[in-house]
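Only one structure is covered here, and it is reproduced in the block below.
Letters A, B, ... mirror the listed sequences (proteins, then strands); counts begin at 1.
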There are 2 protein chains.
Amino acid sequence: MPEELNPAMFDPVCPSGAMPFQIGDKWTAMIVICLEHGPRRFGELRVPLRAVTPKVLTETLRAMERDGLVTRTAYAENPPRVEYALTDLGRTLLTLIEAARQWSRAHLPELLAAREAHGRPTAP
Amino acid sequence: MPEELNPAMFDPVCPSGAMPFQIGDKWTAMIVICLEHGPRRFGELRVPLRAVTPKVLTETLRAMERDGLVTRTAYAENPPRVEYALTDLGRTLLTLIEAARQWSRAHLPELLAAREAHGRPTAP
DNA sequence: CAGAATCCAATAAGATACTG
DNA sequence: CAGTATCTTATTGGATTCTG
C-alpha cells in the first residue's frame, strides 16, 4: 500500500503550468502520477490537488474512466469509499509523462529565459 | 530546400485531435512538424493548416517566437516575404512529438475503443 | 466521504473584413 | 503576401452551495 501523497507535490514551484505540453486535460497527468504507486481515494487525490474543485476533479476522473485510463471502484459502505486506480492503458502514459519531465529538466529553463527576454521589450 | 507541404498532412483522418496530449497550444506541434525539414513561409504553413485562421496562426507563431522555439525572418521585399524556422530549442520538441506519435500508434485505438464502449451506455 | 447542481469568469479560437 | 482589427462564440475551469 502506498504512502500518503505529499501535499506539496504539485506546488507552484513545480513548473507543470509552464510546461509546453499537456497530457489529457489540465489535471490528467497529475492524477496519473498520483495513482502511479497504487489506488487512491477521491479525498486522497484532493490533498496534492487542492487547487482543483471537486467538480473538476470528478469531471476529469470520469473522462479518464471513459477513456479506459482509470477504474473507479465504489464500496457500498458508510461512509462511502471510492477508489481510483490506473489501468494498464493508463499506466502507459507514465512513459510519456517521464519523457515530458525529461524535456523540461533539460530545456524548460531555456524556454523560460527566452520568454523573459522577449517579454521585457514589449512590457510597458 | 524542402518539398512543398502536403495539404492533407493533418486531415481529419489524422487523429491528432483525439490524442490525449498536446504540445504547446492547439497548433504548435503541427507547426513544428511543418518546419522540421527547413524554413517555411507564412503562406506555406497555411496550406496544411488551412483550418487555422491567419489570426490564430500569427498568435501561435508569435508565442513560439517568444518562447524561443522558432525564428521569424522578414525580408524587405515587395511583395513581402517572411520565413519561420525552428531553433535548436524548437527542434528538441521533435523528440517529444515522436514519443507522442509512438504512444498513439501503440495505444490510441485502445483508448478510442474504451471511449466507444463507455459512450454507448450513457448515450440517449 | 464523495460527490451533484448551479452559476459565472476567463480564455481560446473561429468568422469576417480590411491593409502596408 | 503577410498579416491586423473587431467581433462573437464555444469551451474550461472555478466558486459556491447542497446532499445521500
Side-chain angles (χ1 to χ4, degrees), chain A residues 4-5 7 10 12 16-31 34-35 39-67 70-85 115 122, chain B residues 4-5 7 10 12 16-31 34-35 39-67 70-85 115 122:
Chain A
E4 284 180 14
L5 293 170
F10 302 117
S16 45
M19 284 211 253
F21 20 73
Q22 197 179 310
I23 315 271
D25 43 37
K26 193 171 178 183
W27 308 100
T28 303
M30 298 186 209
I31 292 173
C34 289
L35 298 178
R40 296 287 182 183
R41 303 179 57 165
F42 189 84
E44 277 186 292
L45 294 172
R46 295 199 61 187
V47 174
L49 301 175
R50 60 199 180 288
V52 199
T53 60
K55 175 204 159 205
V56 174
L57 183 55
T58 302
E59 284 170 357
T60 308
L61 286 167
R62 291 282 194 279
M64 293 175 72
E65 194 190 358
R66 191 198 51 162
D67 286 353
V70 301
T71 57
R72 177 182 183 276
T73 312
Y75 298 92
E77 302 171 354
N78 200 305
R81 183 164 61 97
V82 176
E83 277 189 348
Y84 293 91
R115 189 177 292 185
T122 50
Chain B
E4 285 180 12
L5 292 170
F10 302 117
S16 46
M19 284 212 253
F21 20 73
Q22 197 177 308
I23 315 272
D25 44 37
K26 193 170 178 185
W27 307 100
T28 304
M30 298 187 208
I31 292 173
C34 288
L35 298 178
R40 296 287 182 182
R41 304 178 57 165
F42 189 85
E44 278 186 292
L45 294 172
R46 295 199 61 188
V47 174
L49 301 175
R50 60 200 180 288
V52 199
T53 61
K55 174 202 159 209
V56 174
L57 183 54
T58 301
E59 284 170 357
T60 307
L61 287 167
R62 291 283 193 279
M64 293 176 72
E65 194 190 0
R66 191 198 50 161
D67 286 353
V70 300
T71 57
R72 176 181 182 277
T73 311
Y75 298 91
E77 302 171 355
N78 200 304
R81 184 164 60 99
V82 177
E83 278 189 347
Y84 294 90
R115 187 176 292 185
T122 51

Item to check | side-chain contact (heavy atoms from CB on, under 4.5 Å) against B:A51, all qualifying residues, sequence neighbours excluded | outcome: B:W27

Item to check | Set of side chain to side chain donor-acceptor pair (under 3.5 Å) partners for A:R72, sequence neighbours left out | outcome: A:Y84

Checklist entry - What integer distance in Å separates B:F42:CZ from D:dC1:C1'? => result 10 Å

Next on the checklist: Please enumerate all residues that pass salt bridge (Lys or Arg N to Asp or Glu O under 4.0 Å) together with A:R81, with sequence neighbours excluded.
Outcome noted: A:E77, A:E83

Checklist entry - For B:R41 and D:dG3, what is the distance between atoms CZ and P respectively, to the nearest whole Å? => result 10 Å

Next on the checklist: Please report the distance, rounded to the nearest Å, between OH in B:Y84 and C1' in D:dC1.
Outcome noted: 11 Å

Checklist entry - Could you state the CG-P distance from A:D25 to D:dG14, rounded to the nearest angstrom? => result 11 Å

Checklist outcome for this item: When rounded to whole Å, the CZ to P distance for the pair B:R40 and D:dA2 reads 13 Å

Checklist entry - Is there a donor-acceptor contact under 3.5 Å from the side chain of B:E65 to the main chain of B:R62? => result no

Next on the checklist: I'd like to check the side-chain contact (heavy atoms from CB on, under 4.5 Å) partners of A:S16; sequence neighbours left out, ordered by chain and number.
Outcome noted: A:C14, A:M19, A:M30

Checklist outcome for this item: ring pair (Phe, Tyr, Trp, His ring centres under 6.0 Å) filter on A:F21, not counting sequence neighbours, yields A:W103

Item to check | Contacts of type side-chain contact (heavy atoms from CB on, under 4.5 Å), residue B:P7, not counting sequence neighbours | outcome: B:V47

Checklist outcome for this item: The first and last nucleotides of DNA chain C lying within contact of chain A, meaning any atom under 4.0 Å from one of its heavy atoms, run from C:dC1 to C:dC7

Next on the checklist: Can you list everything that forms a salt bridge (Lys or Arg N to Asp or Glu O under 4.0 Å) with A:K55? Sequence neighbours excluded, please.
Outcome noted: A:E59

Next on the checklist: Return the CZ to CG distance between A:R115 and B:D67, rounded to the nearest 0.5 Å.
Outcome noted: 4.0 Å

Checklist entry - Among all residues two or more places apart in sequence or in another chain, which pass the ring pair (Phe, Tyr, Trp, His ring centres under 6.0 Å) test with B:F10? => result none

Checklist entry - Just how large is the angle between the end axes of the helix from C:dC1-D:dG20 to C:dG20-D:dC1, five pairs per end, to 10 degrees? => result 60°

Checklist entry - Within the pair B:R46 and D:dA2, is there a side-chain N or O less than 4.0 Å away from OP1 or OP2? => result no

Checklist entry - Can you list, by residue number, the residues of residues 73-80 of chain B that have a non-hydrogen atom closer than 4.0 angstrom to DNA chain D? => result B:P79, B:P80

Checklist entry - When you measure from every atom of DNA chain D, which of residues 50-60 of chain A have a heavy atom less than 4.0 Å away? => result A:T53, A:K55, A:V56

